[in-house]
Amino acid sequence: MQSLFQILNMLLSIAVFIIVAHVIMSWLINFQILNLRQPIVAAIWDGLNRILEPVYSRIRGILPPMGGLDLAPLITLIGVYALQIILANNAGFFYGF
């Protein structure tokens with residue numbers, strides 16, 4: 001069971017990394033530091049969007065319109081960190097009392 005705990009924790013850490021990479025890349029694209037005409041940038045951006053848009057779209061459906069401010073990545077990060085806290089607080093279940 002300890003392996004299951006570590007795998008779940010690792011997957012949540014990877015999710016945090018992907019979300020932060022997506023946010024930073026969106027800033028770099030909006031400030032025209034990165035250009036979507038470059039094939040590698042476009043491929044990475046498309047991949048990140050394909051991974052995160054299903055999650056973000058559900059959160060955006062719940063949030064009220066914020067006038068151009070997208071809080072979906074922040075809410076997603078809070079959710080992932082909450083899951084990590086829940087896992088850490090219930091680690092005894094995985095390690096066997």
Would you kindly confirm whether [X] and [Y] end up in one hydrophobic cluster when ILVMFWY residues are joined by side chain heavy atoms under 4.5 Å apart?
X	Y	answer
Leu4	Met10	yes
Ile59	Ile51	no
Leu11	Val80	no
Ile14	Leu83	yes
Ile62	Leu52	no

query: Hey, is Arg58 close enough to Glu53 for a salt bridge, meaning N to O under 4.0 Å?
result: no

message: side-chain contact (heavy atoms from CB on, under 4.5 Å), that's the test. Do Asp70 and Arg60 meet it? Break it down for me.
response: CA-CA 8 Å; Asp70 186 16; Arg60 288 180 187 130; 2.7 Å; yes

Which heavy atom of [X] sits nearest to which heavy atom of [Y], and what is that distance?
X	Y	result
Ile75	Leu63	CG1-CD1, 4.2 Å
Pro73	Val23	CB-CG2, 3.7 Å
Phe5	Leu87	CE1-O, 3.3 Å

task: Taking the six-membered ring for Trp and the single ring otherwise, decide whether the centroids of His22 and Tyr56 are under 6.0 Å apart.
output: yes

Could you pull out all donor-acceptor pairs under 3.5 Å where a side-chain atom in residues 31-48 meets a protein atom, sequence neighbours excluded?
unit_1, atom_1, unit_2, atom_2, d
Asn35, OD1, Arg37, N, 3.1
Asp46, OD2, Arg50, NE, 2.9

message: So, taking the atom named CG in Leu8 and the one named OG in Ser3, what distance separates them when rounded to the nearest 0.5 Å?
response: 11.0 Å

- prompt: Can you tell me how far CD1 of Ile19 sits from OG1 of Thr76, rounded to the nearest 0.5 angstrom?
  reply: 5.5 Å

task: Measure the shortest side-chain to side-chain distance between Leu71 and Leu69 over non-hydrogen atoms and say whether it is less than 4.5 angstrom.
output: yes

